[in-house]
Structure formats: structure tokens, C-alpha cells
**Q** 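Okay, handing you the structure first.
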Amino acid sequence: MPRKLLLLPPLSACSALRVPRARPAASPAMNAARTGYRVFSANSTAACTELAKRITERLGAELGKSVVYQETNGETRVEIKESVRGQDIFIIQTIPSFYCFRDVNTAVMELLIMAYALKTACARNIIGVIPYFPYSKQSKMRKRGSIVCKLLASMLAKAGLTHIITMDLHQKEIQGFFSFPVDNLRASPFLLQYIQEEIPNYRNAVIVAKSPDAAKRAQSYAERLRLGLAVIHGEAQCTELDMDDGRHSPPMVKNATVHPGLELPLMMAKEKPPITVVGDVGGRIAIIVDDIIDDVESFVAAAEILKERGAYKIYVMATHGILSAEAPRLIEESPIDEVVVTNTVPHELQKLQCPKIKTVDISLILSEAIRRIHNGESMAYLFRNITVDD
């Protein structure tokens with residue numbers, strides 16, 4: 001078959017064709033606006049913005065201009081006072097404690113409304129910096145309850161968040177609830193440094209888990225510090241008076257109809273033994289480690305047992321110091337010598353009531369995480385030597 005020849009138009013016709021002009025290069029100011037970042041605080045109380053100010057000082061940035069307040073009818077209102085188009089936005093939200101005159105649900109709504117406001121303002125990425133993730137204890141199904149933590153994760157994604165930075169989740173499986181990346185940072189390096197620098201003769205200490213559930217965390221601390229390990233097991237036994245008041249009597253059960261021939265094996269009820277300490281604490285410094293210290297009754301009971309077993313000094317180390325209700329008074333009256341927590345949750349009022357409470361600043365690792373995420377750098381440096389059990 002004869003080949004078809006491709007006929008080109010004459011030069012005069014080519015010169016008549018319109019050639020698209022090259023677009024001018026964007027100015028440095030335009031690039032800065034497109035690739036910049038801002039740090040906002042999702043609340044306006046002084047106690048909760050303290051951590052945000054520490055982080056921005058380390059980053060050498062200014063806190064974003066916004067207004068967060070409660071209207072007279074209880075509704076939350078958020079107003080963004082500057083342009084955020086095309087920028088990476090980091091929202092720092094610290095969950096208030098019992099003494100901050102704000103409840104956790106108000107803090108959640110502030111975060112959701114601010115994220116949605118930034119989303120509608122065309123922010124490029126919206127990263128939530130939530131050191132203590134609320135409702136993290138409600139991450140498992142209990143009877144006819146619900147997994148509230150999963151619900152909150154869905155709400156944050158719907159509001160516009162694209163990434164979360166948090167610290168020491170109560171259960172690591174919570175990361176699977178999210179449809180976007182979650183960086184679960186660790187506070188243990190700062191607490192380990194405090195033990196080495198602030199506890200005299202810490203080599204004579206023993207790491208204590210107040211329950212078998214906390215044994216993995218305590219084992220990690222003990223191995224890193226090259227110290228012994230002790231585990232408290234069991235529960236306080238009821239007195240005879242408690243047994244006589246009928247609270248342990250079996251409930252009245254009506255005769256239930258059972259399908260003939262259906263015999264299910266009877267599950268034996270659990271019964272914890274009296275409180276025992278597995279490990280030697282006599283003449284040693286006892287350091288109880290956990291992730292959250294809220295209701296301190298269990299910590300006080302553990303400290304009393306350790307004191308009876310011969311521990312001459314007792315410390316409590318935890319990441320999140322919620323310290324609700326009568327926690328400061330109970331700590332002050334207990335054998336506990338010192339409670340060391342980080343500033344993931346504001347607790348300045350509790351420290352005024354109880355001088356035993358000490359604070360470790362973790363703004364360094366949060367500011368470094370923000371810098372690395374914005375610059376697209378690897379986060380592996382912040383997780384070096386971190387294992388699954390940490």
C-alpha cells in the first residue's frame with residue numbers, strides 16, 4: 001500500500017499559529033504563602049494555651065490569630081482572623097482538667113469547629129496536635145455500650161483533619177480507628193531522664209506496676225534503667241461488715257425456660273486474690289509507672305502496700321496527669337512522696353493544692369514533630385529505640 005505523506009503547512013502559516021506564552025515564575029512571596037504553616041490554639045483559656053505558647057516559642061513562630069469563645073446560650077464560636085489558604089495548619093488542643101471550668105466535651109467541640117472553619121477557608125492540610133486524646137479509655141465494647149473513641153475519630157475526619165499528633169494513647173490499637181495518619185509520640189524518654197537526674201540514688205530503685213495490665217510498660221522502664229521489677233496483684237478484701245450487708249448475695253433469678261437438651265458449660269466467676277507484691281521492694285525506692293493518673297485511689301492503695309513491704313520512698317510517674325476531683329488532697333495525705341506528670345494536660349491549680357506534683361515539659365518533641373511534618377522529613381528519629389511494648 002502506498003504510504004501517506006504528512007504535509008506540513010508553509011512557514012508563513014506556522015508563523016500565524018498562536019504559541020502559548022510561558023507563565024511568569026511565582027514570586028518568593030507567593031511561594032511562602034503557598035507553602036507556609038500556622039499554629040493555632042483551639043481554646044482561649046490561659047491554662048490551656050500555655051503549651052501552645054511553649055511550642056510556638058521553640059518553633060520561632062507566632063500563634064495564629066483566632067477567637068474562641070462560648071456564647072451566652074452555651075454554643076461554641078470560632079473565628080479565624082487571618083488567611084490560611086494553601087497553608088499547613090496545626091491546631092493545638094489540650095484537654096482541660098477537672099479544675100479548668102471547662103469540660104472535655106467543650107474542648108472536643110472547639111477542635112471540631114476550628115478544623116471545619118479552617119477547611120472551609122481552604123487550608124491545605126489540617127493537623128491536630130492533641131497530646132492527650134479524649135475518650136481513649138472508651139476504646140472497647142463493654143456490654144451494651146459503644147466505642148466512643150471510634151466515633152470521635154470519625155467526627156475529626158469529617159471535620160477536616162488530615163493528620164493527628166498525640167502522645168501515649170491508652171491503647172495503641174486506637175490508631176486503627178482513624179482514616180488518616182496518626183503519630184503516637186512517647187513521653188517515656190523525658191520521664192526516664194527525670195528519674196536519672198532528679199531522683200537521688202535511683203540505682204537503688206525498683207520499677208513497680210500497680211496492676212498486671214501495666215506490667216509491659218513497667219518492664220520497659222526497668223530494662224532501660226537496668227533496674228528490678230515488681231508487680232502488684234490482687235485487690236483489697238472486703239470486711240465482714242461488707243459481706244453482711246447483702247451486696248455480694250446472688251440476685252433473684254426467675255425460672256427461665258431452657259431448650260431441652262441444651263447444656264452450656266458454666267463459666268466460673270473471677271476472684272482476685274488479696275493484694276500481693278511480686279518482687280522485692282524492701283529498703284528500695286519504688287517508682288510506680290502508668291500512662292494516666294486520674295482517680296488516684298488505686299495509686300494510693302498501691303503506695304500503702306509498698307510502704308508496708310519496706311519501700312522507703314515512693315514515686316508515681318505518668319504521662320497524663322488528669323488528677324480529677326479530690327486527687328490533690330488524697331496525694332497530699334498519702335505515703336506517695338512525689339507525682340511526676342507531663343504537661344499534656346494543664347494542672348497548675350492541682351500543683352497549688354499539692355506540692356508533691358511535679359511537671360515535665362514535653363513541648364520539645366511536639367515542636368520537632370510539627371517541624372518535621374511541615375518540611376516532609378521522616379518521623380523515624382522521634383521513634384528511635386521505641387518498641388511495640390513502649
**Q** Determine whether the side chains of Tyr315 and Glu198 contain a donor N or O and an acceptor N or O closer than 3.5 Å.
**A** no
**Q** Measure the spacing between CD1 of Ile164 and CD1 of Ile130 and express it to the nearest 0.5 Å.
**A** 4.0 Å
**Q** In the structure I gave you, are the side-chain heavy atoms of Leu323 and Ile331 within less than 4.5 Å of one another anywhere?
**A**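 Yes, at least one pair of side-chain atoms sits under 4.5 Å.
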**Q** Please report the interatomic distance CG(Leu366) to CD1(Ile165), rounded to the nearest 0.5 Å.
**A**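 Here the rounded value is 7.0 Å.
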**Q** Do you know the tightest heavy-atom contact between Ala218 and Ala209?
**A** CB-CB, 3.7 Å
**Q** Are Met114 and Ser66 packed together at the side-chain level, in the sense that at least one heavy-atom pair is separated by less than 4.5 angstrom?
**A**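 They are in contact (side-chain heavy atoms under 4.5 Å apart), so the answer is yes.
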**Q** Do Tyr116 and Leu111 share a hydrophobic cluster, counting only Ile, Leu, Val, Met, Phe, Trp and Tyr and linking them when any side-chain heavy atoms are less than 4.5 Å apart?
**A** no
**Q** Roughly how far, to the nearest 0.5 Å, is the OG1 atom of Thr276 from the CD1 atom of Ile305?
**A** 9.0 Å
**Q** Hey, is Glu82 close enough to Lys65 for a salt bridge, meaning N to O under 4.0 Å?
**A**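 Looking at Glu82 and Lys65, the cut-off is not met.
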**Q** Side chains of Asp361 and Ser363 only: does a donor on one sit below 3.5 Å from an acceptor on the other?
**A** yes
**Q** Less than 4.0 Å between a side-chain N and a carboxylate O, is that true for Lys53 and Glu57?
**A**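 Salt bridge flag = no for Lys53 with Glu57.
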**Q** Please determine whether side chain to side chain contact (heavy atoms under 4.5 Å, CB included) holds for the pair Lys140 and Gln171, giving the CA-CA distance in whole Å, both sets of side-chain angles, and the decisive distance to 0.1 Å.
**A** CA-CA 10 Å; Lys140 296 181 180 180; Gln171 300 289 339; 4.1 Å; yes
**Q** Would you say the side-chain atoms of Glu332 and Gln353 include a donor-acceptor pair closer than 3.5 Å?
**A**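 No donor-acceptor contact under 3.5 Å links the two side chains.
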**Q** Tell me if a side-chain donor or acceptor on Lys210 pairs with a main-chain N or O of Ser298 at a distance below 3.5 Å.
**A** no
**Q** Would you say His233's side chain and Val231's backbone share a donor-acceptor pair under 3.5 angstrom?
**A** no
**Q** Within this structure, what is the CD1-NZ distance for the pair Ile336 and Lys307, rounded to the nearest 0.5 Å?
**A** 10.5 Å
**Q** Can you tell me if CZ on Arg329 sees more than 12 non-hydrogen neighbours from other groups inside 6.0 Å?
**A**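 Counting other residues, nucleotides and ligands, CZ of Arg329 exceeds 12 neighbours.
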**Q** Evaluate Thr359 against Thr342 for side chain to side chain contact (heavy atoms under 4.5 Å, CB included), listing each step before the verdict.
**A** CA-CA 5 Å; Thr359 307; Thr342 68; 6.0 Å; no
**Q** Do the rings of Phe90 and His374 sit parallel, tilted or perpendicular, given the 30° and 60° boundaries?
**A** perpendicular
**Q** How long is the straight-line distance from OH of Tyr37 back to CD1 of Ile370, given to the nearest 0.5 Å?
**A** 7.5 Å
**Q** Do Asn184 and Ile174 come within less than 4.5 Å of each other through their side chains, counting heavy atoms only?
**A** no
**Q** Are the side chain of Lys313 and the backbone of Ile199 linked by a donor-acceptor contact shorter than 3.5 Å?
**A**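 Side chain of Lys313 to backbone of Ile199, a donor-acceptor pair under 3.5 Å: no, none is there.
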**Q** Might you point out which heavy atoms bring Asp103 and Pro96 nearest each other, and give the distance in Å?
**A**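 Between these two residues, the closest heavy atoms are O-CG, 3.7 Å.
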**Q** Heavy-atom distance under 4.5 Å between the side chains of Glu326 and Glu297, does that happen here?
**A**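 A side-chain contact is absent here, since even the closest heavy-atom pair is not under 4.5 Å.
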**Q** How would you list, by chain and number, every residue that makes a side-chain contact (heavy atoms from CB on, under 4.5 Å) with Ala157, sequence neighbours excluded?
**A**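 If we apply the side-chain contact (heavy atoms from CB on, under 4.5 Å) test to Ala157, skipping adjacent residues, the hits are Ser179, Phe180.
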**Q** Check the hydrophobic clustering (I, L, V, M, F, W, Y; side-chain heavy atoms under 4.5 Å; chains of links allowed) and say if Tyr69 and Ile92 are grouped together.
**A** no
**Q** Please determine whether residues Tyr221 and Phe383 belong to a single hydrophobic cluster, defined as Ile, Leu, Val, Met, Phe, Trp and Tyr linked transitively by side-chain heavy-atom distances below 4.5 Å.
**A**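 Yes, one cluster joins them.
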**Q** Please list, chain by chain and in numerical order, all residues satisfying side-chain contact (heavy atoms from CB on, under 4.5 Å) with Ile113, sequence neighbours excluded.
**A**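 Counting only residues at least two positions away or on another chain, Ile113 forms a side-chain contact (heavy atoms from CB on, under 4.5 Å) with Thr76, Val78, Met109.
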**Q** Could you tell me which non-hydrogen atom of Pro131 sits nearest to which non-hydrogen atom of Leu51, and how far apart they are?
**A**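 That closest heavy-atom pairing would be CG-CD2, 3.7 Å.
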**Q** Of all residues at least two apart in sequence or in a different chain, which pass the ring pair (Phe, Tyr, Trp, His ring centres under 6.0 Å) check with Tyr135?
**A** none
**Q** Can you list every side chain to side chain donor-acceptor pair (under 3.5 Å) pair that touches residues 143-170, not counting sequence neighbours?
**A** Lys150-Ser154, His163-Asp183, Asp168-Thr319, His170-Asp291
**Q** May I ask you to test the Leu225-Gln196 pair for a side-chain heavy-atom distance under 4.5 Å?
**A** yes
**Q** Within a strict 4.5 Å, meaning less than it, do heavy atoms of the Phe299 and Ile293 side chains meet?
**A**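 Phe299 reaches Ile293 side chain to side chain.
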**Q** Identify, with sequence neighbours excluded, every residue that meets side-chain contact (heavy atoms from CB on, under 4.5 Å) alongside Glu368.
**A** Arg371, Arg372, Leu382
**Q** Would a distance-only check, ignoring hydrogens and angles, find a side-chain to backbone donor-acceptor pair under 3.5 Å from Arg384 to Tyr381?
**A**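 Yes; at least one donor-acceptor contact below 3.5 Å.
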**Q** Ile362 and side chain to side chain contact (heavy atoms under 4.5 Å, CB included): which single residue from Thr344, Leu185, Leu191, Ile55 fits?
**A**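 Of Thr344, Leu185, Leu191, Ile55, side chain to side chain contact (heavy atoms under 4.5 Å, CB included) with Ile362 is met by Thr344 alone.
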**Q** Please check this pair: side chain of Thr94 against backbone of Cys48, looking for a donor-acceptor N/O pair closer than 3.5 Å.
**A**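 Answer holds: yes.
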**Q** Can you establish whether the number of heavy atoms outside Glu71 located under 6.0 Å from its atom CD is more than 12?
**A** yes
**Q** With rounding to the nearest 0.5 angstrom, report the CG to CD1 distance, Asn125 to Ile373.
**A** 10.0 Å
**Q** Treat each ILVMFWY residue as a node, draw an edge where side-chain heavy atoms are under 4.5 Å apart, and state whether Ile292 and Val108 are in one component.
**A**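 Yes; Val108 is reachable from Ile292 via cluster members.
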**Q** Kindly give the heavy-atom pair with the smallest separation between Val281 and Ala230, and that separation in Å.
**A** CG1-CB, 4.0 Å
**Q** For Ala286 and Val208, which heavy atoms make the closest approach, and how far apart are they?
**A** CB-CG2, 4.0 Å
**Q** Given side chain to side chain contact (heavy atoms under 4.5 Å, CB included), test Glu110 with Gln70 step by step and report yes or no.
**A** CA-CA 10 Å; Glu110 290 173 347; Gln70 301 290 319; 3.7 Å; yes
**Q** Could you tell me how the ring of Tyr132 sits relative to the ring of His320: parallel (under 30°), tilted (30 to 60°) or perpendicular (over 60°)?
**A**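 Plane angle between 30° and 60°, so tilted.
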**Q** Please report the C-alpha distance between Asn204 and Tyr312 in whole Å, then the side-chain angles of each, then the deciding distance to 0.1 Å, and finally whether the side chain to side chain contact (heavy atoms under 4.5 Å, CB included) criterion is met.
**A** CA-CA 11 Å; Asn204 189 35; Tyr312 71 91; 3.7 Å; yes
**Q** Taking the six-membered ring for Trp and the full ring for Phe, Tyr or His, determine whether the centres of Phe178 and Phe133 are under 6.0 Å apart.
**A** yes
**Q** A side-chain contact here means heavy atoms from C-beta on lying under 4.5 Å apart; do Asn43 and Gln93 qualify?
**A** yes
**Q** Show the nearest heavy-atom pair for residues Ser324 and Asp294, with the distance to one decimal.
**A** OG-OD1, 2.6 Å
**Q** Check side-chain contact (heavy atoms from CB on, under 4.5 Å) between Glu304 and all other residues, then give those that pass, not counting sequence neighbours.
**A** Val300, Pro335
